[in-house]
Amino acid sequence: MKYTQLGRTGLKVSRLVLGTMNFGPQTDEADSHAIMDAALDAGINFFDTANVYGWGENKGRTESIIGTWFAKGEGRRDKVVLATKVYGNMGADGPAWPNHDKLSAVNIRRAVDASLKRLQTDHIDVYQFHHIDRDTPFEEIWQAIDVLIQQGKILYVGSSNFPGYKIAQANEVAARRGGTIGLVSEQCLYNLAERRAEMEVIPAAQDYGLGVIPWSPLHGGLLGGVLKKEVEGGRRASGRAADALADPATRARIQSYEDLLDKHGVEPGEAALAWLLTRPGVTGPIVGPRTAEQLASAVRAAELELSEELLTGLDEIFPGPGPSPEAFAW
């Protein structure tokens, strides 16, 4: 496994990030523990979760599964760079009780203590804002974060789903306050089929020294050989992939993508991950395996070298939007 620095920090993280969103809803505790053990064995040291994972009545379940895994000992916690998130409503479905969601100082304090309890640890390495909060000023957010850092409860702070201007705003406020390192990572939707982050989010992250952590690298399975699976195994696409394939133009594009990779003898899902690892500013994509076999495929992708011919072909099928402002202006 290869490693890199997380943005402008001295923190070394693996080029693959283990996503845990399926732990609980789709993968039971025993299998989740086995996947985490296999990830460590493969050299993956960067684990990502969120307080809301588990969803519905089971919000927090995923963090709890990670916590019971840490409790097994044998150096598990010390080997992991642990990232979780705050923002969502942790109560029952429906409107949140006032101050029980988003990024007020009150909720940040409450949420971090609850996550630490579920995770059975005394600190979170990278605490991430899951979404922008239009109602809370960054001065308040950073004040709350400073206290948590001083208490040793968190070490670094990242963002998720932030537009470029909010990355800039957050770090400019941090710089004015002094003593706050600001955001060190941005977790965004980015893959071959969804490249809008290249316009402003990724340039902002690079300019401010944030590591970019793409989520949904296979775009909901669309880039994982979905058409090939239909033909060979009768597995029909579902969710976001099925919606996308309902469009004839998208289906034709995915067919071209799979044909190109078949010509080069590369598995589609592995190629999609390997492509992200060639992109400027990318720390590593989040992979969310439901099985050990899916994890093994992701690890192979991390060692895959894509030829210039293949990279050119991928750009022809999935052209990026171009830089801002040239993408929409002269």
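FYI, the numbering just counts along the sequence from 1. Worth knowing before you read on, the calculation uses all heavy atoms, side chains too, and leaves out hydrogens, waters and symmetry mates.
- In this structure, E326 places its CD atom where more than 12 heavy-atom neighbours from other residues, nucleotides or ligands lie under 6.0 Å away.
- Residues I317 and V266 share a single hydrophobic cluster, defined by chaining ILVMFWY side chains whose heavy atoms lie under 4.5 Å apart.
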Q) Run the side-chain contact (heavy atoms from CB on, under 4.5 Å) check on K12 and L6 step by step: do they pass? A) CA-CA 6 Å; K12 289 185 178 181; L6 180 62; over 6 Å; no
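- The shortest non-hydrogen separation linking P217 to L223 is O-CD1, 3.7 Å.
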**Q.** Criterion side chain to side chain donor-acceptor pair (under 3.5 Å) on Y208 and E172, from CA distance to verdict
**A.** CA-CA 9 Å; Y208 282 94; E172 289 298 329; 2.7 Å; yes
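- No continuous path of ILVMFWY side-chain contacts below 4.5 Å connects M90 to L119, so the two sit in separate hydrophobic clusters.
- Checked for salt-bridge contact, R109 and E140 miss the test: no charged N lies under 4.0 Å from a carboxylate O.
- In summary, D315 and R195 engage in a salt bridge, as defined by a charged side-chain N under 4.0 Å from a carboxylate O.
- When atom types are taken as modelled, the side chain of Q187 and the backbone of V212 share no donor-acceptor pair closer than 3.5 angstrom.
- Counted within 6.0 Å of NZ on K72, heavy atoms from surrounding residues, nucleotides or ligands total more than 12; the atom is thus considered enclosed.
- Among residues at least two apart or in separate chains, ring-ring contact (aromatic ring centres under 6.0 Å, His included) pairs with a member in residues 250-305 are Y190-W275, Y257-F318.
- Sorted by first and then second residue, the salt bridge (Lys or Arg N to Asp or Glu O under 4.0 Å) pairs with a member in residues 211-223 form an empty list; sequence neighbours excluded.
- With T180 contributing its side chain and G182 its backbone, the two residues share no donor-acceptor pair below 3.5 Å.
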**Q.** Derivation and outcome, side chain to side chain donor-acceptor pair (under 3.5 Å), residues S115 and N51
**A.** CA-CA 6 Å; S115 285; N51 60 353; 4.9 Å; no
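- For the pair D48 (side chain) and L18 (backbone), a donor-acceptor distance under 3.5 Å is absent.
- Clustering ILVMFWY residues whenever any of their side-chain heavy atoms sit less than 4.5 angstrom apart, transitively, puts L16 in the very cluster that holds M36.
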Identify each donor-acceptor pair in which a side-chain atom of residues 53-60 lies under 3.5 Å from a protein atom, sequence neighbours left out, and give them as a table.
unit_1 : atom_1 : unit_2 : atom_2 : d
Y53    : OH     : K85    : NZ     : 3.1
K59    : NZ     : N89    : O      : 2.7
K59    : NZ     : G91    : O      : 3.1

Q: List the steps and the verdict of side chain to side chain donor-acceptor pair (under 3.5 Å) for E270 and S297.
A: CA-CA 7 Å; E270 294 176 15; S297 176; 3.0 Å; yes
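- Inspection of the N161 and H131 side chains reveals no N or O donor paired with an N or O acceptor under 3.5 Å.
- L273 and Y3 fall within a single hydrophobic cluster, where Ile, Leu, Val, Met, Phe, Trp and Tyr side chains are chained together by heavy-atom contacts under 4.5 Å.
- Although no hydrogens or angles enter the test, the distance criterion places no donor-acceptor pair under 3.5 Å between the side chain of R196 and the main chain of G320.
- The residues K2 and E305 are annotated as salt-bridged, a charged nitrogen and a carboxylate oxygen being separated by less than 4.0 angstrom.
- Just one of I124, V86, I145 meets the side-chain contact (heavy atoms from CB on, under 4.5 Å) condition when paired with V112; it is I124.
- Residues I66 and T49 have side chains in contact (heavy-atom distance under 4.5 Å, counting atoms from C-beta outward).
- Taking the six-membered ring for Trp and the full ring otherwise, W69 and F47 have centroids separated by under 6.0 Å.
- Remark: the backbone N or O of F138 is not paired with any side-chain donor or acceptor of Q143 at under 3.5 angstrom.
- With sequence neighbours excluded, the residues forming a salt bridge (Lys or Arg N to Asp or Glu O under 4.0 Å) with E29 are R61, listed by chain and number.
- Of the charged side-chain nitrogens involved, none lies within less than 4.0 Å of a carboxylate oxygen, so that E303 and R15 do not count as a salt-bridged pair.
- Note: the hydrophobic cluster containing F129 does not contain Y156 (ILVMFWY, side chain heavy atoms under 4.5 Å, direct or indirect links).
- A salt bridge (Lys or Arg N to Asp or Glu O under 4.0 Å) check over residues 114-123, counting only residues at least two apart or in different chains, returns the pairs E63-R118.
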Q: Go through the steps to decide whether D259 and Q255 satisfy the test side chain to side chain donor-acceptor pair (under 3.5 Å), and finish with yes or no.
A: CA-CA 6 Å; D259 289 345; Q255 187 65 67; 3.0 Å; yes
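- Looking at every heavy atom in both residues, L295 comes nearest to A39 through CD2-N, 3.6 Å.
- Shown here for I167 and S159, the closest heavy-atom pair between the two residues is CG1-OG, 4.4 Å.
- Remark: the backbone N or O of I65 is paired with a side-chain donor or acceptor of T68 at under 3.5 angstrom.
- For the pair E200 (side chain) and G164 (backbone), a donor-acceptor distance under 3.5 Å is absent.
- E198 places no side-chain N or O within donor-acceptor distance of the main-chain N or O of P323, the cut-off being under 3.5 Å.
- Residues satisfying the salt bridge (Lys or Arg N to Asp or Glu O under 4.0 Å) criterion with D125, sequence neighbours excluded, are R77.
- Heavy atoms only, all atoms of each residue included: G284 and V17 are closest at O-CG2, 3.7 Å.
- The backbone N or O of A246 sits nowhere less than 3.5 Å from a side-chain atom of T250 that would complete a donor-acceptor pair.
- Heavy-atom minimum distance, L155 versus H123: CD1-CD2, 3.9 Å.
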Q: Let me see the working for L260 and D262 under side-chain contact (heavy atoms from CB on, under 4.5 Å), right down to the final yes or no.
A: CA-CA 5 Å; L260 174 67; D262 186 57; over 6 Å; no
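- Counting only distance, with no hydrogens or angles, the side chain of T27 and the backbone of S32 share no donor-acceptor pair below 3.5 Å.
- Minimum interatomic distance between P289 and F23 (heavy atoms only, all atoms of both residues): O-CE2, 4.0 Å.
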